[in-house]
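The first residue in the sequence is number 1, and the count goes up from there.
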Amino acid sequence: MKRQKLIIFLLVFVFLLSAMSACQKEESKTNFKEHWEGSYYGFWLFDRETMTGVFEDLDANWYDCCALIKFNANDTADLTIWDEDMPFSDPISEVKLKFEENPESESGTAVSVDGYFFDDIIEEGQWRLNFELINDIKQLLFDDHHSSKDLEMDYQVLLRPWGVRWTDYEEQHPEDLPYYYDDWYLPLLEKGVKEAPENIAEVEEEIKTDISKTNFKEHWEGSYYGFWLFDQDTVKGVFEDLSANWYDCCALIKFNADDTADLTIWDEDMPFSDPISEVKLRFEDNPADEFGTAVSVDGYFFDDIIEEGQWRLNFELINDIKQLLFNDHHSSKDLEMDYEVLLRPWGVRWTDYEEQYPEELPYYYDDWYLPLLEKGVKEAPEAIGEE
């Protein structure tokens, strides 16, 4: 009997260990995609002293580059790197990656499976990539030796998540910034471009091509940040005793299968799980507005019903920054007020406000929003003021 009990105990123990191992393995799968997938911007360079072959006559040895890491169904990922001379359609490198746990890095380690860099083969395990944090900015920095019949060189690649502002370089090493950082990269961030374009430094052509699609989802879907305020002269009811009338807010526009979208707005007191507003939107072409017009279908703002057509939302461009600014009157048994909402795409730096109206920036802009951008956070968190 004791032996039977011991056997049963051992079987249960082995089962629990297996279950725990499976859970840990499953958990690790989801983390890699969260940490690694997305667009990147940076530069690659080669060492002139080690270089022989087809690059010997080049004037420069330093080139802006972009990258995309895209996950596959089998939890591997495809890394594509393109530069200012070779676009996404004809990249300088394509490498398949697998991922390993790394006790020293919460992001894990990306390991090459196969691929190429220019005309050199990248073999299994040749690249082992790890993020490092530089002033809270995620960075990939790796180097290798290229060897083929036409080209020998030592090279280095530096990449940071698309959307991150390189404030450390701006302040300490401006001469080492990527060549197109000021005139191409930063203007695209101000316009709310969330992924690396397929051609580096082609600003106007990229934007015009994108706009000509008149694709509402491309123009509207995503996270936003800004503020809402109410007019203290018109407020009556439950907000009369509030000391402040100006609140940071975030928003999410998420499209549905029927081409409508759900707009959710939350503020510093009411998080995403209990938002101040939820409104269904439909979209109309607008000959006077390349982004089209979003029109309310139904929903609410606090405890006031938003009806069909009550909200008609249009983007305006302020110094090339997309902005939604709208106002309305709230009327319910507990609250009367005129209110206004201002939203800009998440990831945009409010340089116009920083320079001209710093006192009107959202309250959490400097201490919460900008630090999150530096860390590469690409979507508005569900609670404002918390990481």
Side-chain angles (χ1 to χ4, degrees), residues 216 220-256 258 260-284 291-316 318 322-346 348 350 353 357 359-365 367-369 372 379-387:
F216 296 125
W220 290 82
E221 188 168 68
S223 293
Y224 297 79
Y225 174 61
F227 56 81
W228 79 272
L229 59 88
F230 63 84
D231 179 11
Q232 290 181 316
D233 292 332
T234 63
V235 68
K236 297 178 182 178
V238 293
F239 284 1
E240 284 187 272
D241 296 329
L242 293 177
S243 56
N245 71 320
W246 184 300
Y247 298 88
D248 285 31
C249 66
C250 292
L252 176 66
I253 296 179
K254 185 71 175 175
F255 270 68
N256 304 307
D258 61 356
T260 63
D262 296 319
L263 165 63
T264 305
I265 305 174
W266 62 102
D267 73 4
E268 55 199 74
D269 295 324
M270 301 180 67
F272 179 82
S273 58
D274 183 25
I276 65 173
S277 179
E278 289 183 302
V279 176
K280 185 176 290 295
L281 302 174
R282 59 180 175 83
F283 296 86
E284 299 176 353
F291 304 113
T293 298
V295 183
S296 60
V297 177
D298 55 51
Y300 67 86
F301 189 86
F302 285 99
D303 57 347
D304 189 22
I305 299 299
I306 302 299
E307 298 179 346
E308 169 80 25
Q310 183 173 336
W311 286 3
R312 296 186 64 85
L313 312 182
N314 291 284
F315 283 117
E316 53 184 340
I318 308 297
K322 282 168 64 177
Q323 175 174 289
L324 282 176
L325 176 64
F326 60 98
N327 53 63
D328 201 356
H329 180 76
H330 181 290
S331 180
S332 68
K333 68 176 184 177
D334 297 320
L335 180 61
E336 293 277 339
M337 64 177 179
D338 292 338
Y339 63 90
E340 184 174 87
V341 181
L342 185 149
L343 296 169
R344 291 180 168 188
W346 181 272
V348 165
W350 297 33
Y353 273 71
Y357 318 106
E359 71 283 355
E360 295 180 12
L361 282 164
Y363 182 79
Y364 289 99
Y365 179 83
D367 297 330
W368 178 74
Y369 178 69
L372 290 182
E379 296 181 353
E382 297 186 357
I384 294 175
E386 300 177 7
E387 292 195 24

State, yes or no, whether a side-chain contact exists between [X] and [Y] at a heavy-atom distance under 4.5 Å.
X      : Y      : value
Ile265 : Tyr224 : no
Met337 : Lys236 : no
Leu343 : Cys249 : yes

Taking only residues two or more places apart in sequence or in another chain, which ones pass ring pair (Phe, Tyr, Trp, His ring centres under 6.0 Å) with [X]?
X      : answer
Phe283 : Phe216, Trp220, Phe255
Phe326 : Trp311
Tyr300 : none
Phe239 : Phe230, Phe302

Pair Tyr225-Tyr364, side chain to side chain contact (heavy atoms under 4.5 Å, CB included): steps then yes or no: CA-CA 10 Å; Tyr225 174 61; Tyr364 289 99; 3.9 Å; yes

From [atom1] ([X]) to [atom2] ([Y]), nearest 0.5 Å:
X      : Y      : atom1 : atom2 : answer
Phe315 : Thr293 : CZ    : OG1   : 10.5 Å
Gln310 : Ser296 : CD    : OG    : 6.0 Å
Leu263 : Leu324 : CG    : CG    : 8.5 Å
Leu361 : Tyr353 : CG    : OH    : 8.0 Å
Asp267 : Phe227 : CG    : CZ    : 13.5 Å
Ile276 : Asp303 : CD1   : CG    : 12.0 Å

Mind checking what makes side-chain hydrogen bond (donor to acceptor under 3.5 Å, both in side chains) contact with [X], not counting sequence neighbours?
X      : result
Glu308 : Arg282
Asn245 : none
Thr260 : Asn256, Asp258
Tyr365 : Glu354

Tyr339 ring center near Trp228 ring center (under 6.0 Å): no

Pair Tyr369 and Trp346, ring centroids less than 6.0 Å apart: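 Yes, they do, as the ring centres are separated by less than 6.0 Å.
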
Step-by-step side chain to side chain contact (heavy atoms under 4.5 Å, CB included) determination, Phe291 to Asn314: CA-CA 8 Å; Phe291 304 113; Asn314 291 284; over 6 Å; no

Heavy-atom closest contact ([X] atom, [Y] atom, distance):
X      : Y      : value
Val279 : Ser277 : CG2-OG, 3.6 Å
Asp274 : Met270 : O-CB, 3.2 Å
Ile253 : Ala261 : CG2-CB, 3.8 Å

Within residues 238-252 or reaching into it, pairs that qualify as salt bridge (Lys or Arg N to Asp or Glu O under 4.0 Å) - sequence neighbours excluded: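 Applying salt bridge (Lys or Arg N to Asp or Glu O under 4.0 Å) to every pair that reaches into residues 238-252, excluding sequence neighbours, yields nothing.
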
Pairs satisfying salt bridge (Lys or Arg N to Asp or Glu O under 4.0 Å), at least one member in residues 323-345, at least two apart: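 Residue pairs with at least one partner in residues 323-345: Arg344-Asp352.
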
Qualifying residues under side-chain contact (heavy atoms from CB on, under 4.5 Å), relative to Asp304, sequence neighbours excluded: His330

With Lys280 via salt bridge (charged side-chain N to carboxylate O under 4.0 Å, His left out) - residues at least two apart: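 Salt bridge (charged side-chain N to carboxylate O under 4.0 Å, His left out) check on Lys280 returns Asp262.
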
Whether Thr264 side chain and Glu278 backbone form a donor-acceptor pair below 3.5 Å: no

